[in-house]
Amino acid sequence: MATTSGLNDLSSEMELDAFRRLFPLRFHERHLRESIRPDGRPLGRARETTLMLGAVASANGSAVAKIGSTTMLAAIKLEVMTPTVEAPDEGCIAIEFHMPPICSPLVRPGRPAEVAPVISMQLSDTILSSGMIDLKELCLVSGKAAWMAYLDIYCLDADGALFDAALLSAVAAFSHLQIPVVSLNDDGRIVLVSEDNTGATTENEPVNKEKIKLRLNSYPFGLTCILHDNYILADPTSEEESIMETYLTVVMDSSFQLISLNKPGGPGVAHTSAIQDCITLAQRRVKELQKILNEALSDMEVD
């Protein structure tokens, strides 16, 4: 009797899986009518999110961000540069988003993912326009030396909402960033002071006597929503993104100021109320992500 029941359950499970693969949109729409998603989440809820700071020991700042299965590794390396004539008191930030073949079966070796440069540009625009970083904070000696911050973000698992997870990892990496100890040598050049000599007396003029944290203003966070018929799905998986065309990414800072709305292709949004609903969901998500980031920073201080 138990064996028969087990076979029936297995048969039903196989039929459900076949239906999901053959008719993915119908499968998801059946769930939408029940206001629940295949993974058990309500429509407006994001996936479980975690942060780990200091993941790369050789970087000046780093973090791993996970939203559901979507996983991003962000690492920052600082180098001394000569400021531009137009901005002698400012440093620079260069952001690169990478999608190696390990992140998704859709990414092939030797063929860069088309979405990677798009996300790189979106991240650069968001971080610079958000005001999170004052580039003057990266200046060492006006007109002579400033920091160039190279931020590389690697997608380790691409399971939807890539920009949201990439932005979260970037914000966390900058929150973890420590600016190295540097001094002026006899030739007037900036040189790094090794950690072994940080507390030692040096003949060179110190620019900063100890490692310092980069001062950040309000943090930008993103939430991607899928709009399908009259339904709004927050934080979509890659499966949901592949079968429902219209989605909107809302970027908002920790003061709940709207930074940007991005809608890449797909049919138009018919009602402004749908956009407002997405913004409301983003406000709730900002609170969640700010709490997660604060907890990660607190854990670092304890360690």
Side-chain angles (χ1 to χ4, degrees), residues 44-53 61-67 70 72 74 76 87 89-93 95 97 119-139 147 149 151 153 161-179 212-225 227 232 234-235 247-264 269 272-301:
R45 181 180 298 172
R47 292 167 289 176
E48 182 180 354
T49 303
T50 59
L51 273 178
M52 183 179 72
L53 304 183
S62 61
V64 171
K66 287 194 69 174
I67 300 179
T70 299
M72 300 288 170
I76 302 170
D89 298 323
E90 295 182 358
C92 287
I93 298 172
I95 300 173
F97 179 74
I119 294 179
S120 291
M121 184 67 70
Q122 196 177 354
L123 288 167
S124 296
D125 291 344
T126 298
I127 289 173
L128 293 174
S129 66
S130 69
M132 177 179 74
I133 299 171
D134 181 357
L135 295 179
K136 287 182 168 51
E137 292 286 324
L138 296 175
C139 180
W147 289 114
L151 169 62
I153 301 173
L162 301 187
F163 171 78
D164 302 353
L167 180 59
L168 178 60
S169 70
V171 169
F174 275 114
S175 299
H176 174 255
L177 177 64
Q178 288 190 319
I179 296 177
I212 56 176
K213 301 277 286 182
L214 181 64
R215 185 169 58 189
L216 302 177
N217 301 313
S218 56
Y219 307 111
F221 298 110
L223 177 68
T224 297
C225 297
L227 290 82
I232 297 176
D235 180 30
Y247 56 100
L248 179 73
T249 299
V250 181
V251 179
M252 190 172 286
D253 68 19
S254 47
S255 300
F256 305 108
Q257 295 295 313
L258 183 65
I259 296 173
S260 67
L261 290 171
N262 183 47
K263 183 189 167 299
V269 179
T272 55
S273 60
I275 297 176
Q276 185 56 54
D277 290 340
C278 291
I279 292 173
T280 301
L281 288 172
Q283 290 173 334
R284 188 173 72 190
R285 182 63 170 157
V286 165
K287 292 180 183 178
E288 295 173 358
L289 295 178
Q290 182 69 69
K291 181 181 179 184
I292 291 169
L293 178 58
N294 289 342
E295 289 173 352
L297 290 170
S298 297
D299 291 342
M300 280 292 297
E301 291 174 3

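Positions are given from 1, in the same order as the sequence printed here.
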S.K.: Do Leu214 and Glu137 touch side chain to side chain, with heavy atoms closer than 4.5 Å?
M.R.: yes
S.K.: Does Cys225 reach the side chain of Val250, with side-chain heavy atoms less than 4.5 Å apart?
M.R.: no
S.K.: If I take atom CD1 from residue Ile95 and atom CG from residue Leu128, how far apart are they, to the nearest 0.5 angstrom?
M.R.: 6.0 Å
S.K.: Does Ile127 reach the side chain of Leu167, with side-chain heavy atoms less than 4.5 Å apart?
M.R.: yes
S.K.: Determine whether Val251 and Asn262 make a side-chain contact, defined as any pair of heavy atoms from C-beta on separated by less than 4.5 Å.
M.R.: no
S.K.: Side-chain donor-acceptor pair under 3.5 Å between Ser130 and Asp253, yes or no?
M.R.: no
S.K.: About how many Å separate CG of Leu281 and CE of Met252, when rounded to the nearest 0.5 Å?
M.R.: 10.0 Å
S.K.: May I ask you to test the Pro220-Val171 pair for a side-chain heavy-atom distance under 4.5 Å?
M.R.: yes
S.K.: Closest heavy-atom contact between Ser175 and Tyr219?
M.R.: OG-CE2, 3.6 Å
S.K.: Can you name the closest pair of heavy atoms from Asp164 and Ile67 and give their distance?
M.R.: C-CD1, 4.1 Å
S.K.: Kindly indicate whether the side chain of Leu216, heavy atoms from C-beta on, has any atom under 4.5 Å from the side chain of Ile133.
M.R.: yes
S.K.: Is there a side-chain contact between Thr126 and Phe163, using heavy atoms and a 4.5 Å cut-off?
M.R.: yes
S.K.: Is there any salt bridge (Lys or Arg N to Asp or Glu O under 4.0 Å) pair reaching into residues 280-292, and which pairs are they, with sequence neighbours excluded?
M.R.: Arg285-Glu288
S.K.: Quick check: does any side chain N or O of Ser260 sit under 3.5 Å from a backbone N or O of Leu258, one acting as donor and the other as acceptor?
M.R.: no
